[in-house]
Amino acid sequence: MVGERWTLLIVREMLSGPVTFSDIRRGIPRIPPATLTSRLRSLRTAGIVNLSDRLYQLTESGLTLAPVVRELARWAMTTESAALSDDDLDTAALTWDMQRRVDVDALPERTVVLALEFTDRSPRDRYFWLHLSKTNVNLCREDTGAPVSLWLTAPTADITRWWLGELTWSQLRQRAGVTVHGDRAVQRQVQHWFLRYAFNRSALAQISPA
C-alpha cells in the first residue's frame with residue numbers, strides 16, 4: 001500500500017501535524033483530487049491515518065513511517081539520478097512549504113511582506129507574497145497593496161535549491177539572474193526567518209542514517 005504512487009508524499013504532508021484535504025493538495029499540487037481521496041481512504045482503512053473534524057493526522061502506526069520518508073529524502077539528496085528536473089519544479093508547492101516553515105520567533109515585531117517573482121514562470125505562477133508576523137503567516141497569490149519590505153526575484157530552480165539546502169542565502173544572492181532589493185535590515189535578517197525544507201541537507205546531516 002505505501003508503495004503506491006503519492007502515498008508517502010501524503011504521509012510526508014502529515015508529519016508536521018494535522019492537515020486538511022486542501023492543505024495536502026497545496027503541498028502536492030499535481031495529485032488528482034480523486035486519487036488523493038482514494039489514497040486517504042486506504043490509509044484510514046489501514047490504520048495509518050485518522051480523520052477528525054476535517055483534519056487528517058497520522059496515527060501512532062503512521063508516525064513510524066517517518067524514518068522511511070526521511071531516508072528516502074536522504075537518498076534523493078545524495079543520488080545524482082534523483083536530482084530535480086525542470087518538470088519537477090512547482091512554485092505553488094514551493095511557496096506553500098515556505099509559508100508553513102517560518103520561524104515566527106525570529107520575525108521582527110512589525111509585519112513584513114516578502115514578495116517573490118519567479119522569472120521563468122508564466123504570470124499565473126510568477127508572483128507570490130508572504131505576509132509575515134509573529135501572530136500570523138499568510139501566502140497570497142495577488143498583490144493586496146500592502147507595502148513590500150523585500151523583493152526576491154530569481155529563477156525557480158535557484159530558489160528551490162536554496163530551500164532544499166543546496167545553496168546558502170549568500171550563494172543564492174550571487175547567482176546570475178537573482179536580485180534582492182528592499183529594506184536593508186530585512187535583507188540581513190530574512191535568511192533567519194525560514195526553517196527551509198524539513199529534510200534539507202543540513203537537517204539530514206544531524207540525523208544518523210537508519
Student check: side-chain heavy atoms of [X] and [Y] closer than 4.5 Å:
X    : Y    : value
H131 : V137 : no
T153 : V178 : no
W129 : L139 : no
I28  : W96  : no
L164 : N200 : no
L116 : L130 : yes
L72  : L8   : yes
V49  : M14  : yes

*Begin with the C-alpha distance, continue with both residues' side-chain angles, and end with the deciding distance and a verdict on side-chain contact (heavy atoms from CB on, under 4.5 Å) for T111 and L132.*
CA-CA 6 Å; T111 298; L132 311 171; 6.0 Å; no
Mind listing the closest non-hydrogen atom pair of [X] and [Y] along with its distance?
X    : Y    : result
Q57  : P18  : OE1-CG, 3.4 Å
A46  : M1   : CB-CE, 3.5 Å
A66  : L15  : CB-CD2, 3.8 Å
N138 : N136 : ND2-ND2, 3.1 Å
F21  : L40  : CD1-CD1, 3.8 Å
G47  : S61  : O-CB, 3.9 Å

In this structure, would [X] and [Y] fall into the same cluster of hydrophobic residues linked by side-chain contacts under 4.5 Å?
X    : Y    : value
V190 : Y127 : no
L89  : L94  : yes
V148 : L150 : no

Look at the side chain of [X] and the backbone N and O of [Y], then say whether any donor-acceptor pair between them is shorter than 3.5 Å.
X    : Y    : value
R121 : P155 : no
T91  : D125 : yes
T160 : T156 : yes
N50  : T59  : no
Q171 : T168 : yes
R39  : R5   : yes
T78  : R74  : yes
T37  : P33  : yes
S42  : S38  : yes

Using 0.5 Å steps for rounding, measure from the [atom1] atom of [X] to the [atom2] atom of [Y].
X    : Y    : atom1 : atom2 : value
L152 : L114 : CG    : CG    : 6.5 Å
E117 : D120 : CD    : CG    : 10.0 Å
Q187 : W169 : CD    : CH2   : 8.0 Å
L172 : W162 : CG    : CH2   : 7.5 Å
T119 : R126 : OG1   : CZ    : 6.0 Å
R175 : D158 : CZ    : CG    : 4.5 Å

Side-chain atoms of residues 97-107: list all donor-acceptor pairs with protein atoms under 3.5 Å, sequence neighbours left out, distances to 0.1 Å.
unit_1 : atom_1 : unit_2 : atom_2 : d
D97    : OD1    : R100   : NE     : 2.8
D97    : OD1    : R100   : NH2    : 3.2
D97    : OD2    : W163   : NE1    : 2.8
R100   : NH1    : E13    : OE1    : 2.7
R100   : NH2    : E13    : OE1    : 3.0
R100   : NH2    : E13    : OE2    : 3.1
R101   : NE     : R196   : O      : 2.7
R101   : NH2    : R196   : O      : 3.1
D103   : OD1    : D105   : N      : 3.3

*Would you call the rings of Y197 and F199 parallel, tilted or perpendicular if under 30° counts as parallel and over 60° as perpendicular?*
perpendicular
*What is the ring orientation for F118 with F128, classed by angle as parallel under 30°, tilted 30 to 60°, or perpendicular over 60°?*
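Correct class here is perpendicular.
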*Evaluate the criterion side-chain contact (heavy atoms from CB on, under 4.5 Å) for residue pair W151 and V180; output intermediate values, then yes/no.*
CA-CA 6 Å; W151 273 96; V180 179; over 6 Å; no
*Applying salt bridge (charged side-chain N to carboxylate O under 4.0 Å, His left out), which residue pairs with at least one partner in residues 41-66 are found, sequence neighbours left out?*
none
*Going through the checks in order, is the side-chain contact (heavy atoms from CB on, under 4.5 Å) test met by V19 and L55?*
CA-CA 5 Å; V19 290; L55 289 173; 5.8 Å; no
*Can we say D183 and R110 salt-bridge, meaning some charged N sits less than 4.0 Å from an Asp/Glu carboxylate O?*
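A salt bridge links D183 with R110.
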*State which residue, out of L58, I10, L63, fulfils the side-chain contact (heavy atoms from CB on, under 4.5 Å) condition with I48.*
L58
